[in-house]
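Here the structure comes first, spelled out in structure tokens, and everything after it is commentary.
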Amino acid sequence: MSEDDPLHLLAERAGLQVRWRDAWNQPQTLSPDALRTVLTALDLPCGTSGECEASRARLAADDGAHALPPLITADQGRPVVVPWAHTLPERPYRLECEDGTMIEGIARRTGDGTLEMAPVSQWGYHHLLLGDVETTLAVAPPRCFSVADALAASPRTVLASKPWGLSVQLYGLRRGTDGGPGGLGDLTTLALMAEAAAGAGADAIAINPLHAGFPALPERFSPYSPSSRIFFNPLYADPARVFGQAAVDHAVAALGIGAALAEAERRTEIDWPAIANVRLRLLHWLWQHHDTLLPAAQQQAFATFRARGGKALLAHATFEAIQAERLAAATGDDAIRDAADWRRWPATLRSPEGAAAMAMATTAADAVGYHAFLQWLAADGLADAQQRARAAGMAIGVIADLAVGTDPGGSHAWTRQAEILNGFHAGAPPDLYNPLGQDWGVAVFSPRGLRRNGYAAFVEMLRANLAHAGGLRIDHVLGLARMWLVPEGAPASAGAYLTYPLDDLLRLVAIESWRHRAIIIGENLGTVPETLDTALAARGVLGIDVLWFVREAEDKAGAGAEDDKGVDARADALPDVPPSPPAQAPSESPVAAEPISAAFLPPERWPALAVATTTTHDLPTIAGWWAGRDIAWRARLHQLAADETEAGLMALRAAERSALWQAMRDGGVAHGAEPSAEAEAAPVETVLRWLHRAPCPLRLVPVEDLLALREQPNLPGTVSGHPNWQRRLDADPRDLFTRPEVARRVTALRDGDEGDDRDDADDGNDRAGGDRDA
């Protein structure tokens with residue numbers, strides 16, 4: 001297909017990448033059939049040359065429908081380029097800055113379709129009047145708020161030279177006998193963990209996404225397939241924070257749910273439907289009695305929250321009320337499916353502006369109020385956790401997690417239909433592990449929809465997730481540049497990459513980063529587009545360096561050349577993980593590193609503009625990797641490829657294990673013989689001393705590694721058989737860091753080799769911390 005073919009021209013105009021490079025850096029070209037499948041799903045007829053031309057003309061007409069887009073982005077201190085279709089050589093402009101400063105000037109034509117304005121020295125959202133046309137000018141600071149900025153503003157009298165933080169799966173935390181209702185970790189437990197970690201010198205605590213799930217469908221509990229990315233999961237709320245423990249105890253007794261809560265708290269794995277049923281009964285009872293039980297100050301705080309939440313909060317609460325009402329009346333699988341998905345609702349309910357939906361604020365005022373109340377409890381609890389983290393001495397505090405997309409039948413897709421692509425799922429193209437490609441089952445933003453609506457939904461999402469956090473991890477940050485879109489009902493291999501306005505999105509991220517004084521971390525694992533890491537680094541968005549994947553370049557392994565910067569195997573040697581169905585987490589984190597033969601890169605030479613970590617929620621812990629626990633799970637659940645065997649993979653892991661031990665010996669952090677392959681013998685403390693040496697601005701270690709556990713939170717590609725997002729820890733945050741073995745591991749991570757001359761051949765600190773949940 002030639003570049004002047006009508007189908008090719010239409011695809012490019014629509015933002016599709018006709019040509020791209022795969023996980024092995026090999027050029028690929030989309031077939032005409034694949035292009036037609038995706039373009040048709042985008043509502044762009046393309047069956048004939050005439051249809052292609054007509055669709056392309058429609059796109060051009062849409063782009064030129066307004067003299068100016070509703071929002072333009074620019075860089076602080078650099079000339080402002082304004083898209084301008086008219087031929088006038090210049091236009092006067094007036095810029096009203098956020099602080100009220102007025103700037104006037106002349107914008108002059110610099111090329112076909114553009115005008116140029118003088119640089120603006122103040123970053124922020126400014127009102128631009130160009131001639132008689134208005135728009136918003138979003139001027140971005142040069143980079144995002146950084147770890148160094150956070151440390152400089154920290155009240156700590158002694159700052160760590162190698163800052164570190166803890167990462168936790170909030171649902172898995174416990175807080176002992178006085179832990180409230182129990183059954184899963186809540187936001188008060190997060191606050192306690194943050195205070196305890198701060199006492200051990202941590203400056204951050206990273207958490208799993210707390211996005212709103214489906215209260216009426218508790219079996220959909222994956223944190224990465226939420227209903228909405230702008231609201232919270234109320235199951236994490238601790239009602240005792242606002243009602244007092246006595247009121248909660250009274251409610252538990254009145255409902256007769258004490259035994260059920262106690263049983264849930266004893267479990268080593270969470271039964272999400274069961275605990276959701278019990279906790280939501282408790283929260284609903286408190287809502288029914290909130291007029292008498294809630295102190296006046298808290299009632300006023302709730303009223304203020306509802307007022308500030310505005311239309312977005314009302315819409316989300318309305319969605320929850322409609323879905324719950326329809327599900328309660330549904331019988332049979334087909335009826336439940338139709339009741340759960342707004343796209344199958346009656347026409348008057350398919351939009352927040354629909355007559356029946358708007359009437360819910362009156363006809364179902366109590367139900368709508370209840371769901372707003374749940375959001376208030378969750379938001380208030382997260383705000384308290386962040387305040388307590390900072391008060392305890394953390395420079396950053398909570399690092400929130402932003403999932404890559406939302407359930408297409410959920411609240412976010414219902415309320416933002418103009419900005420979210422309907423009829424598509426995000427995924428990944430075919431690769432070595434997944435010859436058919438991946439379909440993650442989640443919906444994502446439409447780049448055209450975002451531009452057409454002034455990026456309002458994107459900014460709204462950033463603000464919602466940064467409101468009570470000192471940092472934000474953006475899952476699959478590759479999606480800011482391009483997204484593999486799979487038409488619903490089509491195989492994943494029939495998808496295509498759609499280009500996103502990376503510069504505009506990164507500028508908005510930088511503005512919101514500084515507005516909230518929060519660091520930004522981009523999960524750049526998977527098939528990384530060329531130049532993306534450079535673009536992220538230029539904006540101060542930190543990447544993620546995972547121990548298992550930062551390796552020497554294949555052709556220089558072992559050469560020790562000082563100018564060899566090595567290679568991050570996540571980008572070049574590893575494809576995307578197996579797909580996770582909608583009930584599980586979409587993820588682009590690589591699977592176990594068996595295909596990699598290159599030597600481990602010394603931490604001193606790791607990329608500096610990244611967060612260093614031992615592992616992620618989709619990958620094995622140190623103890624699990626050392627013992628090959630992830631391989632055993634894959635074999636048990638029949639995830640091995642046709643040419644793989646468990647014994648063969650274990651042999652490869654043994655070679656990897658020896659390579660890591662040798663690298664640590666060569667670096668002077670490990671001594672003596674290589675520990676055995678038993679999980680209890682894993683040299684966790686040694687690995688953490690190794691991680692300490694990375695020049696990264698921040699090191700993050702999962703609590704599972706501080707406890708030397710061998711099980712990981714999620715096994716990608718599984719729906720059943722592995723307890724994804726269900727494992728609970730047996731550690732109370734208030735005494736976690738007083739455990740001798742945990743204290744030694746924290747010292748290893750925080751202080752590295754200082755004062756340590758032990759023989760690591762007998763890494764006794766790790767033998768004491770085996771996994772009790774195996």
Side-chain angles (χ1 to χ4, degrees), residues 168-171 173 175 179-194 205 207-216 218 220-221 223 226-243 248 270 272 275-276 278-287 290 294 298-299 301-310 312-321 324 367-389 397-403 406 410-412 460-461 463-469 472 725:
V168 300
Q169 302 294 310
L170 177 53
Y171 54 81
L173 301 184
R175 54 184 167 108
L184 78 164
D186 61 18
L187 289 160
T188 294
T189 316
L190 174 62
L192 291 170
M193 180 65 89
I205 182 165
I207 58 175
N208 57 283
L210 303 187
H211 303 319
F214 296 85
R220 299 186 184 181
F221 54 81
S227 175
S228 175
R229 291 189 288 174
I230 60 175
F231 292 101
F232 300 112
N233 186 337
L235 295 181
Y236 290 116
D238 174 18
R241 235 196 63 73
V242 296
F243 282 91
V248 172
I270 298 170
W272 282 95
I275 192 59
V278 176
R279 289 181 73 94
L280 289 172
R281 285 178 61 195
L282 169 63
L283 293 170
H284 192 260
W285 190 96
L286 291 169
W287 163 251
H290 77 280
L294 204 60
Q298 298 288 20
Q299 292 196 37
F302 174 47
T304 300
F305 175 83
R306 290 193 73 175
R308 289 178 177 170
L313 176 61
L314 176 61
H316 176 73
T318 299
F319 174 91
E320 296 281 33
V368 172
Y370 165 61
H371 288 288
F373 164 77
L374 295 182
Q375 288 304 310
W376 171 62
L377 290 180
D380 182 75
L382 184 56
D384 177 65
Q386 171 64 357
Q387 290 166 5
R388 289 169 64 174
V398 174
I399 299 178
D401 198 345
L402 176 63
T406 56
S411 161
H412 207 171
E460 172 188 56
M461 181 184 69
R463 290 176 177 173
N465 286 274
L466 289 169
H468 310 301
L472 182 66
W725 320 118

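Legend: residues meeting salt bridge (Lys or Arg N to Asp or Glu O under 4.0 Å) with D380, ordered by chain and number and at least two apart, are R241. Taking Q387 as the reference, A383 meet the side-chain contact (heavy atoms from CB on, under 4.5 Å) condition, with sequence neighbours excluded. Residues satisfying the side-chain hydrogen bond (donor to acceptor under 3.5 Å, both in side chains) criterion with Q169, sequence neighbours excluded, are Y171. Residues forming a ring pair (Phe, Tyr, Trp, His ring centres under 6.0 Å) with H316 (at least two apart in sequence, or on another chain): F231. With sequence neighbours excluded, the residues that form a side-chain hydrogen bond (donor to acceptor under 3.5 Å, both in side chains) with W287 are D366. Listed by chain and residue number, nothing satisfies the side-chain contact (heavy atoms from CB on, under 4.5 Å) test with A467 (two or more places apart in sequence, or in another chain). Take F214 and apply the ring pair (Phe, Tyr, Trp, His ring centres under 6.0 Å) test, not counting sequence neighbours, and it matches no residue. When the side-chain hydrogen bond (donor to acceptor under 3.5 Å, both in side chains) test is applied to R281, no partner is found at least two apart in sequence or on another chain. With sequence neighbours excluded, the residues that form a side-chain hydrogen bond (donor to acceptor under 3.5 Å, both in side chains) with E460 are R416. Under the rule for a side-chain contact (heavy atoms from CB on, under 4.5 Å), the partners of A321 that lie at least two apart in sequence or sit in another chain are M360, A367, V368, H371.
Using a 4.5 Å cut-off on side-chain heavy atoms (C-beta onward), S227 and F319 make contact. By the 4.5 Å heavy-atom criterion applied to side chains, Q298 and F243 are not counted as neighbours.
Closest of all the heavy-atom pairs between R306 and A372 is NE-CB, 3.8 Å. When all heavy atoms of A194 and A389 are compared, the pair lying nearest together is CB-CB, 3.7 Å. When all heavy atoms of L286 and P239 are compared, the closest pair comes out as CD1-CB, 3.4 Å. Scanning both residues, P218 and W272, for their nearest heavy atoms gives O-CB, 3.9 Å. Smallest separation of non-hydrogen atoms from A385 and A191: CA-CB, 3.8 Å. Between I230 and M461, the closest heavy-atom pair is CG2-CA, 3.6 Å.
Although no hydrogens or angles enter the test, the distance criterion places a donor-acceptor pair under 3.5 Å between the side chain of Q375 and the main chain of F232. The backbone N or O of L170 sits less than 3.5 Å from a side-chain atom of N208, completing a donor-acceptor pair. Using modelled atom types, one side-chain atom of R279 and one backbone atom of A237 make a donor-acceptor pair closer than 3.5 Å.
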* Asked: What do the steps show when you test I207 against M193 for side-chain contact (heavy atoms from CB on, under 4.5 Å), and what is the final call?
  -> CA-CA 11 Å; I207 58 175; M193 180 65 89; over 6 Å; no
* To do: Give the C-alpha distance, both sets of side-chain angles, the deciding distance and a yes or no for side-chain contact (heavy atoms from CB on, under 4.5 Å) between L190 and R388.
  => CA-CA 10 Å; L190 174 62; R388 289 169 64 174; over 6 Å; no
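One finds the CH2 atom of W725 at 12.0 Å from the CD1 atom of I270 (value rounded to the nearest 0.5 Å). In this structure, CG on L402 lies 5.5 Å from CG on L472, to the nearest 0.5 angstrom. Note that the CG atom of N233 and the CG atom of D186 stand 12.0 Å from one another [nearest 0.5 Å]. Put simply, CZ on F221 and CD1 on I275 are 13.5 Å apart, with the number rounded to the nearest 0.5 Å. Expressed to the nearest 0.5 Å, how far OG1 of T188 lies from CG of L173 amounts to 12.0 Å.
Looking at L187, N465, L235, D401 one by one, the single match for side-chain contact (heavy atoms from CB on, under 4.5 Å) with L210 turns out to be L187.
Under 3.5 Å, the side chains of R229 and T406 contain no donor-acceptor pair of N or O atoms.
Ring pair F302/W376 is tilted by interplanar angle, where 30° to 60° counts as tilted.
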